[in-house]
Amino acid sequence: MRSNPLNPLGTPELSLPEERNVRGITVRRMPLGAFLRAISALDELPGQVIEACFPGQSAAAIAAALKQPGDALLKQVLARALRTVPALIVRLTATLCEIEEHALLDDPALGLEGLVELLSAWLEVNRMGDFLRAARSLIRQFQAANPPPDRDTGSSGSSPRD
C-alpha cells in the first residue's frame with residue numbers, strides 16, 4: 001500500500017457524507033474551530049452536573065455526603081440529576097449540531113430517540129471513530145519514540161556473583 005502524505009497515519013479514507021438529515025434536522029461536518037468550542041462545552045459538563053446535584057456545596061462537603069449516602073440523599077441527587085442532565089445533553093447536542101437549542105426542544109418529531117440519532121449522525125459525519133483511532137495511533141507512536149527512562153535502582157546493572 002502506498003503512503004499518502006495527506007494521510008500519514010493511514011486512517012481509512014471513507015467517503016462519508018458531509019452532512020446527514022435526521023428527522024428534518026441537517027447535521028453537518030464541523031469546522032475545527034466549532035469542534036474545539038464544542039469540546040470545551042463537553043469539558044464543562046461534569047462540573048455542571050455536580051453543581052446541579054450538589055448546589056453550592058464544596059468538594060469536601062460532597063465527598064463527605066457521598067461517604068455516608070442515605071436514601072434521602074440518593075433520592076435528592078437523582079431528582080436533581082433527572083431535572084438537569086437532559087437539558088445539559090440537549091444543550092450539548094445543539095452545540096455539536098450547530099442548531100438552536102429551542103429547535104430541539106420544540107420539535108415534536110424529535111423526541112429522545114431522535115436526540116440519540118442526532119448524536120449518532122454527528123459522530124458519523126465528523127468521523128469521530130477515525131479521529132479516535134488516529135489519536136490512539138499517535139499516542140502509540142509517541143510512546144514508542146519516547147520510551148520511559150529506566151528506573152535507577154542504584155546499581156550499575158551488574159551484580160556480583162559469589
Side-chain angles (χ1 to χ4, degrees), residues 7-144 146 148:
N7 186 6
L9 299 175
T11 56
E13 295 183 32
L14 304 175
S15 98
L16 292 176
E18 293 288 321
E19 62 182 46
R20 196 169 129 206
N21 191 296
V22 176
R23 300 183 187 214
I25 298 173
T26 302
V27 179
R28 292 181 178 84
R29 184 171 297 179
M30 271 186 138
L32 183 58
F35 175 75
L36 295 175
R37 286 189 297 279
I39 293 303
S40 176
L42 183 61
D43 187 45
E44 296 166 2
L45 192 63
Q48 292 171 334
V49 171
I50 290 170
E51 176 59 32
C53 291
F54 300 94
Q57 293 187 32
S58 68
I62 294 169
L66 291 175
K67 284 182 182 176
Q68 300 177 8
D71 286 346
L73 175 67
L74 292 177
K75 287 177 185 175
Q76 187 178 47
V77 169
L78 183 59
R80 288 176 178 160
L82 287 173
R83 278 194 311 262
T84 307
V85 172
L88 293 173
I89 292 172
V90 167
R91 186 173 305 133
L92 177 63
T93 304
T95 301
L96 293 174
C97 295
E98 299 182 282
I99 57 177
E100 294 294 324
E101 192 175 330
H102 71 84
L104 295 176
L105 295 172
D106 298 339
D107 188 343
L110 195 60
L112 290 175
E113 293 168 353
L115 192 63
V116 171
E117 287 177 37
L118 277 174
L119 289 169
S120 178
W122 184 86
L123 290 169
E124 176 188 337
V125 168
N126 285 282
R127 301 175 66 169
M128 291 307 293
D130 290 345
F131 169 76
L132 293 173
R133 277 188 290 283
R136 280 192 291 271
S137 175
L138 276 174
I139 290 168
R140 283 192 296 274
Q141 288 176 20
F142 180 80
Q143 289 171 334
N146 300 289

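In this chain, numbering begins with 1 at the start of the sequence shown.
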Can you measure from [atom1] ([X]) to [atom2] ([Y]) and round to the nearest 0.5 angstrom?
X	Y	atom1	atom2	value
I25	L118	CD1	CG	5.0 Å
L104	L110	CG	CG	6.0 Å
D130	E124	CG	CD	11.0 Å

Which atoms form the tightest heavy-atom contact between [X] and [Y], and what is the distance?
X	Y	answer
L42	P46	O-CD, 3.5 Å
A52	P55	O-CD, 3.6 Å
V22	G114	CG1-O, 4.2 Å

Worksheet, complete the sentence: Across all chains, not counting sequence neighbours, the salt bridge (Lys or Arg N to Asp or Glu O under 4.0 Å) partners of E100 are none
Worksheet item: Counting N and O atoms only, with roles assigned by atom type, does the side chain of E18 sit under 3.5 Å from a partner on the main chain of V125, one being a donor and the other an acceptor?
Response: no
Worksheet item: When you measure from the side chain of R28 to the backbone N and O of E19, does any donor-acceptor pair fall under 3.5 Å?
Response: no
Report the residues that fulfil side chain to side chain contact (heavy atoms under 4.5 Å, CB included) with [X], sequence neighbours left out, ordered by chain and then residue number.
X	result
P31	A34, E98
F35	M30, L32, I39, W122, M128
S40	E44
L74	P69

Worksheet item: How about L73 and F54: do any of their side-chain heavy atoms sit closer than 4.5 Å?
Response: yes
Fill in: Summary of salt bridge (Lys or Arg N to Asp or Glu O under 4.0 Å) pairs that have at least one residue in residues 58-78, sequence neighbours excluded
none
Discussion item. According to side-chain hydrogen bond (donor to acceptor under 3.5 Å, both in side chains), does anything in residues 103-120 pair up with another residue at least two apart or in another chain? List the pairs.
Written reply: R23-E117
Please report, to 0.1 Å, the donor-acceptor pairs under 3.5 Å made by any side chain of residues 80-96, with sequence neighbours excluded.
{"unit_1": "R80", "atom_1": "NH1", "unit_2": "C53", "atom_2": "O", "d": "3.0"}
{"unit_1": "T84", "atom_1": "OG1", "unit_2": "R80", "atom_2": "O", "d": "2.8"}
{"unit_1": "T93", "atom_1": "OG1", "unit_2": "I89", "atom_2": "O", "d": "2.8"}
{"unit_1": "T95", "atom_1": "OG1", "unit_2": "R91", "atom_2": "O", "d": "3.0"}

